[in-house]
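To keep things clear, I will list the structure first and then write my remarks on it.
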Amino acid sequence: MTYIVTDNCIKCKYTDCVEVCPVDCFYEGENMLVIHPDECIDCGVCEPECPADAIKPDTEPGLEKWLEINTEYASKWPNITVKKDQLPDAEEFDGKQNKYEEYFSVEPGSGD
């Protein structure tokens with residue numbers, strides 16, 4: 001099992017999770033974070049830290065697509081280990097549906 005970031009992170013990008021990660025397995029895209037599944041040690045400390053409830057165990061049904069997305073972009077985006085401000089419209093986008101189809105960006109973030 002590993003933890004993965006799902007679509008509710010898109011356009012929110014809260015980074016509370018990165019500060020508690022003991023192995024620094026978060027990677028930053030332009031408008032979301034991902035977890036590197038091969039680096040995650042399944043400790044689960046990040047999951048309750050996410051205000052958007054976007055971090056899930058990959059054992060939950062229907063998350064195969066998100067495991068693939070996390071795996072792909074963790075190898076392309078820079079590592080992030082320190083908390084930053086969430087995106088300006090985070091509260092507005094928290095909980096919106098179809099965020100992947102409408103807002104996902106392949107562009108990397110700035111990392112640390």
Side-chain angles (χ1 to χ4, degrees):
M1 182 182 87
T2 186
Y3 284 84
I4 54 175
V5 181
T6 61
D7 61 336
N8 206 42
C9 185
I10 299 170
K11 297 283 278 181
C12 292
K13 200 165 78 169
Y14 293 103
T15 56
D16 305 64
C17 52
V18 303
E19 282 196 320
V20 299
C21 180
V23 293
D24 299 333
C25 65
F26 281 88
Y27 292 82
E28 182 184 17
E30 179 180 35
N31 66 5
M32 77 171 293
L33 304 174
V34 293
I35 294 172
H36 194 302
D38 294 336
E39 296 174 3
C40 178
I41 60 170
D42 312 326
C43 68
V45 297
C46 60
E47 185 179 21
E49 296 298 318
C50 180
D53 194 31
I55 299 174
K56 304 288 183 189
D58 71 343
T59 53
E60 284 191 17
L63 296 181
E64 297 80 10
K65 165 185 163 180
W66 287 103
L67 178 58
E68 291 175 18
I69 290 168
N70 278 250
T71 302
E72 178 179 352
Y73 290 98
S75 66
K76 296 178 178 179
W77 292 345
N79 189 242
I80 180 171
T81 61
V82 295
K83 183 177 177 176
K84 299 179 179 181
D85 291 337
Q86 72 267 14
L87 294 178
D89 297 332
E91 289 181 14
E92 176 188 337
F93 281 93
D94 187 0
K96 279 200 175 218
Q97 300 295 311
N98 303 315
K99 291 201 298 186
Y100 178 77
E101 293 77 14
E102 293 184 46
Y103 304 110
F104 178 76
S105 171
V106 299
E107 297 300 317
S110 59
D112 287 345

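Model, not experiment: these values are computed from the prediction.
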query = Yes or no on side chain to side chain contact (heavy atoms under 4.5 Å, CB included) for Lys96 and Lys99, after CA distance, side-chain angles and deciding distance?
reply = CA-CA 7 Å; Lys96 279 200 175 218; Lys99 291 201 298 186; 4.0 Å; yes
Side chain to side chain contact (heavy atoms under 4.5 Å, CB included) between Cys12 and Met32, intermediate numbers included = CA-CA 7 Å; Cys12 292; Met32 77 171 293; over 6 Å; no
task = I would like to know whether Asp58 and Met1 meet side chain to side chain contact (heavy atoms under 4.5 Å, CB included); could you show each step before the answer?
result = CA-CA 6 Å; Asp58 71 343; Met1 182 182 87; 3.4 Å; yes
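The shortest side-chain heavy-atom distance between Phe26 and Val5 falls under the 4.5 Å cut-off. Considering only heavy atoms from C-beta on, Cys17 comes within 4.5 Å of Leu33 through its side chain. Between Ile4 and Leu63 the shortest side-chain heavy-atom distance falls below 4.5 Å. Considering only heavy atoms from C-beta on, Cys43 comes within 4.5 Å of Pro22 through its side chain. For the pair Thr15 and Gln86, the minimum side-chain heavy-atom distance is 4.5 Å or more. Looking only at side-chain heavy atoms (C-beta outward), Ile69 and Tyr100 come within less than 4.5 Å of each other.
Scanning both residues, Ile80 and Asp112, for their nearest heavy atoms gives CA-OD1, 3.5 Å. Looking at every heavy atom in both residues, Trp77 comes nearest to Pro108 through CD1-CA, 3.5 Å. Pairing each heavy atom of Ala74 with each of Val34, the nearest pair is N-CG2, 3.6 Å. Shown here for Cys46 and Val20, the closest heavy-atom pair between the two residues is CA-CG2, 3.9 Å. Between Pro48 and Gly44, the shortest heavy-atom distance links the atoms CD-O, 3.2 Å. Closest heavy-atom contact between Tyr3 and Cys40: N-SG, 3.5 Å.
Connection of Tyr14 to Val82 is not established within any shared hydrophobic cluster, with ILVMFWY side chains joined at heavy-atom distances below 4.5 Å, either directly or through further cluster members. When hydrophobic clusters are built by joining Ile, Leu, Val, Met, Phe, Trp and Tyr residues whose side-chain heavy atoms come closer than 4.5 Å, directly or via intermediates, Phe104 is grouped together with Leu67. A chain of hydrophobic side-chain contacts below 4.5 Å, direct or via other Ile, Leu, Val, Met, Phe, Trp or Tyr residues, connects Trp66 to Phe93.
Separation of atoms NZ (Lys11) and CD (Glu30) is listed at 8.5 Å; rounding is to 0.5 Å. In this structure, CG in Asp42 is found 11.5 Å from CD in Glu47, a value given to the nearest 0.5 Å. Here the straight-line distance linking atom CG of Asp53 with atom OG1 of Thr6 works out to 7.5 Å at 0.5 Å rounding.
Take Pro88 and apply the side chain to side chain contact (heavy atoms under 4.5 Å, CB included) test, not counting sequence neighbours, and it matches no residue. Under the rule for a salt bridge (charged side-chain N to carboxylate O under 4.0 Å, His left out), Glu39 has no partner lying at least two apart in sequence or in another chain. Partners of Asp89 by salt bridge (charged side-chain N to carboxylate O under 4.0 Å, His left out), not counting sequence neighbours: none found.
Heavy atoms of other residues, nucleotides or ligands lying less than 6.0 angstrom from CD of Gln97 number 12 at most. Environment of CD in Glu60: crowded, with over 12 heavy atoms of neighbouring residues, nucleotides or ligands closer than 6.0 Å.
Lys76 forms a cation-pi arrangement with Tyr73, by the criterion of a distance under 6.0 Å to the ring centre and an angle within 45° of the ring axis.
Looking at Lys13 and Glu28, a side-chain N of the basic residue comes within less than 4.0 Å of a carboxylate O on the acidic one, giving a salt bridge.
Asp94 and Asn8 form a side-chain donor-acceptor contact under 3.5 Å, judged by distance and modelled atom types alone. Checking Ser105 against Asn31 by side-chain atom types alone, no donor-acceptor pair falls below 3.5 Å.
Put simply, the side chain of Asn70 never gets that close to the backbone of His36: no donor and acceptor are under 3.5 Å apart. The closest donor-acceptor contact from the side chain of Asn79 to the backbone of Asp24 lies under 3.5 Å.
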